[in-house]
Student: 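Okay, here's the structure, questions in a sec.
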Amino acid sequence: MKAPRQIVEEIVRKAVARGIERGAFPAAAATVGFGVDLPKKAEHGDLATNAAFPLAKLLGQNPMEAAEKLRALALDEAGMDGHIESVTVARPGFVNFVFSEQFRSDGLREIFARGSGFGRTDEGRGARANVEFVSANPTGPLHVGHGRGAVVGDVVASVLSACGYTVSREYYVNDQGAQIRNLGASLKERIKEAAGEPFEIPADGYHGEYVRELAAELVAQKGGAAGAMAVEELSGWGSARLLEAIGRDLESFGIKFDVWFRESELHSRGAIKVLVEGLKSRGLAFDDPTGAVMLGAEAGREFGDDKDRVLVKSNGDATYFASDVAYHEDKLKRGFSRLINVWGADHHGYIPRVRAGIKTTGRDPAVLDVILVQMVNVLRHGKPVAMSKRSGSFVTLREVLSEVGRDAARVVFCMRRPDAQLDFDLEIVKRRTLDNPVFYMQYGHARICSILRKAAAMGLTPPAYDSGLVPKLALPEEREIIKRLMFYPEALLLCARTLEPHHLVFYINETIGEFHGYYTKYKNTARVISEDTQLTAARLMLCGAVRTVLANAMGVLGVEAPERMDSMPGDDAGEEARDEAKEED
RNA sequence: GCGCCCAUAGCUCAGUUGGAUAGAGCGUUGGACUACGAAUCCAAAGGCCGCAAGUUCGAAUCUUGCUGGGCGCGCCA
């Protein structure tokens with residue numbers, strides 16, 4: 001079945017074409033742009049088009065006249081389609097469409113027929129998309145900011161997958177370079193400390209407590225031999241340990257990468273050398289008097305970057321920029337036609353450079369989309385939680401996960417536009433309000449499951465599609481809910497097109513909200529399970545459909561859709577005391 | 001100084017390609033459980049969509065300027 005909006009779009013387009021044929025509209029009407037929108041008010045129908053406004057302009061008539069012509073033509077087309085019940089005109093010139101029972105029937109049939117596959121589309125036509133996210137340096141544990149990027153990347157990947165892309169989740173590991181050396185040097189000092197020797201963490205080193213713990217672990221393992229290890233060796237050992245920890249954190253967050261791509265691989269393969277030499281031979285890069293190799297400013301000019309950029313430092317090390325260009329080239333060589341990177345918003349100035357870099361390798365920079373994720377403010381009772389009381393102290397992802405749980409954290413991290421700052425109040429997220437939509441949606445799903453359980457216990461047949469039952473779903477709320485379910489695929493497509501997962505969270509909340517309202521309104525007058533077996537079967541069918549869509553959508557978010565919720569969070573008295581204690585620092 | 005992002009209800013935020021009387025949650029006030037889950041629902045109050053021009057049948061949405069916030073402009077990542 002076609003998407004609801006598509007149904008109306010096609011009817012309008014055909015109506016316009018027919019109108020041209022019959023001389024009602026000028027030929028230019030064929031190319032007129034129009035919208036199909038969800039009206040805000042129920043009396044304006046299910047979907048509306050503004051097509052009469054541009055048509056009126058072409059005709060030199062007022063919009064109401066053009067709308068009337070369009071209505072008559074659209075009515076004929078709608079009659080052939082069968083999914084539209086009525087077409088009306090409303091001032092100042094909107095043409096409003098109301099869906100038919102057949103629309104609802106076909107929709108429900110599709111939900112039951114496709115089950116967990118309902119909502120998937122083939123917009124991507126199997127195109128290969130690479131979603132690179134997190135990619136934090138293995139020099140420390142993940143913090144909340146990484147957590148947000150992790151969820152946004154993971155959900156975008158799931159959304160694209162549901163929209164027909166072949167998706168690969170990738171983590172780029174900067175396992176080489178100055179930062180890794182700094183880690184090794186810091187570790188070296190902590191080992192001295194553990195041995196009771198004088199020590200000094202380098203100024204640009206890592207001061208966090210975790211380095212001390214790593215040192216202790218190494219000393220416990222190797223004893224005195226730890227002190228003899230070279231910085232390079234310590235760098236390798238430490239970053240490997242930290243990368244394992246990062247992997248564990250992500251896994252407990254429900255995130256699994258297909259590829260862990262190591263920067264060192266690019267070096268050992270000689271890819272960076274080849275890249276730099278190639279750029280030099282084509283005159284795009286040049287040797288600087290100081291011994292560095294620069295990418296000429298011309299390369300970046302069309303992207304808004306007008307400075308020479310360093311590829312190889314005068315000490316001979318390649319910059320991250322050089323390896324990033326080689327890395328993106330590598331991704332494209334592996335056959336991806338879309339590259340999606342999730343970055344912290346503070347890296348936005350880097351985008352023109354990377355686009356320029358892609359261009360210099362002879363590829364189309366338009367294949368790259370960057371999702372900029374803004375920072376997360378961690379709060380408790382509205383007050384900021386200290387993020388850097390002393391150097392190296394921050395709220396780790398692991399801490400947040402253990403406090404609020406995986407599902408809540410996932411929803412909070414992707415419930416806002418990625419480029420908007422996010423306040424993450426640990427207390428609010430433990431509450432059960434719409435500020436914490438995970439409980440709202442999970443409760444809704446569990447509630448529906450509870451109804452279905454009760455029906456099953458009474459020996460009723462489980463929800464199933466039956467076209468003969470559709471007319472029984474005659475309440476306005478029931479029709480509205482079915483219509484809304486039919487918009488689920490479009491909600492996914494919107495997320496895919498904008499690379500913004502938050503639309504899905506809103507879709508879920510609005511859908512379950514509508515069900516909650518329906519449930520409560522009729523709980524004493526028109527319950528799902530009643531004496532009327534036909535009506536009961538029809539309403540169970542509706543519940544089953546809502547449940548399927550909710551479960552599918554929550555699956556894309558990576559959030560559990562529980563069949564029951566037995567425990568009541570937030571009621572535990574010990575919690576208050578612990579919060580008070582934490583506030584002291 | 002140059003560039004990017006942001007500004008919508010008391011608070012946190014939605015608002016699709018420009019559409020009809022700008023929405024939701026929280027908070028406030030007042031209501032709804034003898035029945036399938038009240039972790040829910042209903043209602044009220046609450047708005048110069050930062051300011052000012054422009055574009056047009058129509059602007060929260062597009063253009064320009066201004067104000068106020070965040071970020072970037074390293075041989076850092």
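So you know, we letter chains A, B, ... as the sequences are listed, proteins then strands, and number each from 1.
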Student: Using a cut-off of less than 4.0 Å, is there contact between a side-chain N or O of A/Y519 and OP1 or OP2 of B/A38?
Tutor: yes

Student: Using 4.0 Å as the upper bound for N to carboxylate O, is an ion pair formed by A/R301 and A/D306?
Tutor: no

Student: Applying a 4.0 Å non-hydrogen cut-off, can you work out what A/A56 is touching in the nucleic acid: base, sugar-phosphate, or nothing?
Tutor: nothing

Student: So what is the 5' to 3' dot-bracket string for RNA chain B, if pairs are Watson-Crick or G-U wobble with both distances under 3.5 Å, crossing pairs use [ ] and | means the partner sits on another strand?
Tutor: (((((.(..((((.....[...)))).(((((.......))))).....(((((..]....)))))).)))))....

Student: What contact category does A/G304 fall into here, base, sugar-phosphate, or nothing, at under 4.0 angstrom with non-hydrogen atoms?
Tutor: nothing

Student: Below the 4.0 Å mark, does B/G15 have OP1 or OP2 next to a side-chain nitrogen or oxygen of A/K40?
Tutor: no

Student: Using the P atom as the point on both nucleotides, what is the distance between B/U16 and B/A53, in whole Å?
Tutor: 25 Å

Student: For A/F53, which contact category applies under a 4.0 Å heavy-atom criterion: base, sugar-phosphate, or nothing?
Tutor: base

Student: Considering only side-chain heavy atoms of A/Q179, which listed nucleotide, B/A77, B/C36, B/A14, is closest?
Tutor: B/A77

Student: Can you tell me how the ring of A/W343 sits relative to the ring of A/H347, calling it parallel under 30°, perpendicular over 60° and tilted otherwise?
Tutor: tilted

Student: Consider the side chain of A/K313, meaning its heavy atoms from C-beta on, and name the nucleotide among B/G19, B/C76, B/U21 that approaches it most closely.
Tutor: B/C76

Student: Given B/C2, is OP1 or OP2 found less than 4.0 Å from the side-chain N or O atoms of A/K307?
Tutor: no

Student: Please report the distance separating the C1' of B/G27 from the corresponding atom of B/G74, rounded so that it comes out in whole Å.
Tutor: 46 Å

Student: On a whole-Å scale, what distance lies between the P atoms belonging to B/C6 and B/G70?
Tutor: 16 Å

Student: In this structure, how many angstroms lie between the P atom of B/C76 and the CG atom of A/D324, rounded?
Tutor: 15 Å

Student: Taking atom P in both B/G15 and B/A7, compute the distance separating them and give it to the nearest angstrom.
Tutor: 10 Å

Student: Is the distance from the ring center of A/F53 to that of A/F94 below 6.0 Å?
Tutor: yes

Student: Quick one: does A/N182 reach the base of B/A77 with a side-chain donor-acceptor pair under 3.5 Å?
Tutor: no

Student: Please figure out whether A/Y522 or A/E9 has its closest RNA chain B nucleotide nearer the 5' end.
Tutor: A/E9

Student: For A/Q421, report the nucleic acid contact type (base, sugar-phosphate, nothing); a contact means any heavy atom under 4.0 Å.
Tutor: sugar-phosphate

Student: Pick base, sugar-phosphate or nothing for A/N377, based on heavy-atom distances below 4.0 Å to the nucleic acid.
Tutor: nothing

Student: Kindly state whether the pair A/F94 / B/G19 counts as stacked, where counting means centroids closer than 5.5 Å and planes tilted less than 30° apart.
Tutor: no

Student: C1' atom, B/A59 versus B/U17: distance in rounded Å?
Tutor: 14 Å

Student: Mind listing the residues from residues 487-499 of chain A sitting with a heavy atom below 4.0 Å of RNA chain B? Number order is fine.
Tutor: none

Student: Let me know the distance between CE of A/M565 and C1' of B/A38, rounded to the nearest Å.
Tutor: 14 Å

Student: Indicate whether the side chain of A/Q179 and that of A/N174 have a donor and an acceptor atom separated by less than 3.5 Å.
Tutor: no

Student: Output the single nucleotide from B/A20, B/A14, B/C36 whose closest atom is nearest the side chain of A/A90.
Tutor: B/A20

Student: Please identify which of these residues, A/L295, A/V293, A/L311, A/D308, meets the side chain to side chain contact (heavy atoms under 4.5 Å, CB included) condition with A/F286.
Tutor: A/D308

Student: If you measure from the Lys or Arg side-chain nitrogens to the Asp or Glu carboxylate oxygens, is any gap between A/E560 and A/R406 under 4.0 Å?
Tutor: no

Student: Is B/C33 syn or is it anti, if syn means the base angle is within 90 degrees of 0?
Tutor: syn

Student: Can you identify which nucleotide, out of B/A14, B/U40, B/G72, has its nearest atom closest to the A/H348 side chain?
Tutor: B/G72

Student: Rounded to whole Å, please give me the gap between CD in A/E514 and P in B/A24.
Tutor: 12 Å

Student: Quick check: closest heavy atoms across A/V429 and A/A408, and the distance to 0.1 Å?
Tutor: CG1-CB, 3.7 Å

Student: Please confirm whether any donor atom in the side chain of A/H347 sits under 3.5 Å from an acceptor in the base of B/G72, or the reverse.
Tutor: no

Student: A/H503 has a side chain; which of B/A35, B/G15, B/C5 sits nearest to it?
Tutor: B/G15

Student: According to ring-ring contact (aromatic ring centres under 6.0 Å, His included), who are the partners of A/Y327, at least two apart in sequence or on a separate chain?
Tutor: A/Y172, A/F261

Student: Counting any heavy atom closer than 4.0 Å, what does A/S314 reach on the DNA or RNA strands: base, sugar-phosphate only, or nothing?
Tutor: base

Student: Measuring centre to centre across the rings, with the benzene-like ring taken for any Trp, is A/F487 within less than 6.0 Å of A/Y507?
Tutor: no

Student: Nearest to the side chain of A/H44 - B/C41, B/A20, B/C5?
Tutor: B/A20

Student: Assess whether a salt bridge exists between A/E563 and A/R547, defined as any Lys/Arg side-chain N lying under 4.0 Å from an Asp/Glu carboxylate O.
Tutor: yes

Student: Looking at B/A77, B/U40, B/U21, which one has an atom nearest to any side-chain atom of A/A178?
Tutor: B/A77

Student: With a cut-off of under 6.0 Å to the ring centre and 45° to the axis, is A/R353 in cation-pi contact with A/F303?
Tutor: no

Student: Parallel, tilted or perpendicular: which one describes the rings of A/H502 and A/F506, with boundaries at 30° and 60°?
Tutor: perpendicular

Student: A/K57 has a side chain; which of B/C73, B/A77, B/C57 sits nearest to it?
Tutor: B/C57

Student: What is the separation between atom OH on A/Y350 and atom P on B/C73, rounded to the nearest whole Å?
Tutor: 12 Å

Student: Is the phosphate of B/C42, meaning OP1 or OP2, less than 4.0 Å from a side-chain N or O of A/H516?
Tutor: no

Student: Tell me: CE of A/M415 to P of B/G25, nearest whole Å?
Tutor: 12 Å

Student: Please work out if A/D305 contacts a base, only the sugar-phosphate, or nothing of the nucleic acid, heavy-atom cut-off 4.0 Å.
Tutor: nothing

Student: Could you give the distance separating B/A22 and B/G50 at their P atoms, to the nearest angstrom?
Tutor: 15 Å

Student: Do you know which of A/V151, A/V373, A/V152, A/V155 makes side chain to side chain contact (heavy atoms under 4.5 Å, CB included) with A/F413?
Tutor: A/V151

Student: Under 4.0 Å from OP1 or OP2 of B/C41: is there any side-chain N or O of A/Y440 that close?
Tutor: yes

Student: Between atom CG in A/L372 and atom P in B/G72, what is the gap in whole Å?
Tutor: 12 Å

Student: Identify which nucleotide among B/C13, B/G19, B/C73 has an atom closest to any side-chain atom of A/R309, counting heavy atoms from C-beta outward.
Tutor: B/C73

Student: Where each residue is assigned the nucleotide of RNA chain B containing its nearest heavy atom, which of A/F321 and A/V36 is assigned the position nearer the 5′ end?
Tutor: A/V36

Student: Less than 4.0 angstrom between a side-chain N/O of A/R417 and OP1 or OP2 of B/C13, yes or no?
Tutor: no

Student: Expressed as a whole number of angstroms, how long is the span from A/D423:CG to B/G70:P?
Tutor: 14 Å

Student: When the P atoms of B/C5 and B/G46 are compared, how many Å lie between them, rounded to an integer?
Tutor: 36 Å

Student: Using a 4.0 Å heavy-atom cut-off, does A/R5 contact any base of the nucleic acid, only the sugar-phosphate backbone, or nothing at all?
Tutor: base

Student: Which nucleotide wins on minimum distance to the side chain of A/D346, given the candidates B/A77, B/G19, B/G72?
Tutor: B/G72

Student: Using atom C1' in both nucleotides, what's the gap between B/C26 and B/A39 to the nearest angstrom?
Tutor: 15 Å

Student: Using 4.0 Å as the upper bound for N to carboxylate O, is an ion pair formed by A/R309 and A/D305?
Tutor: yes

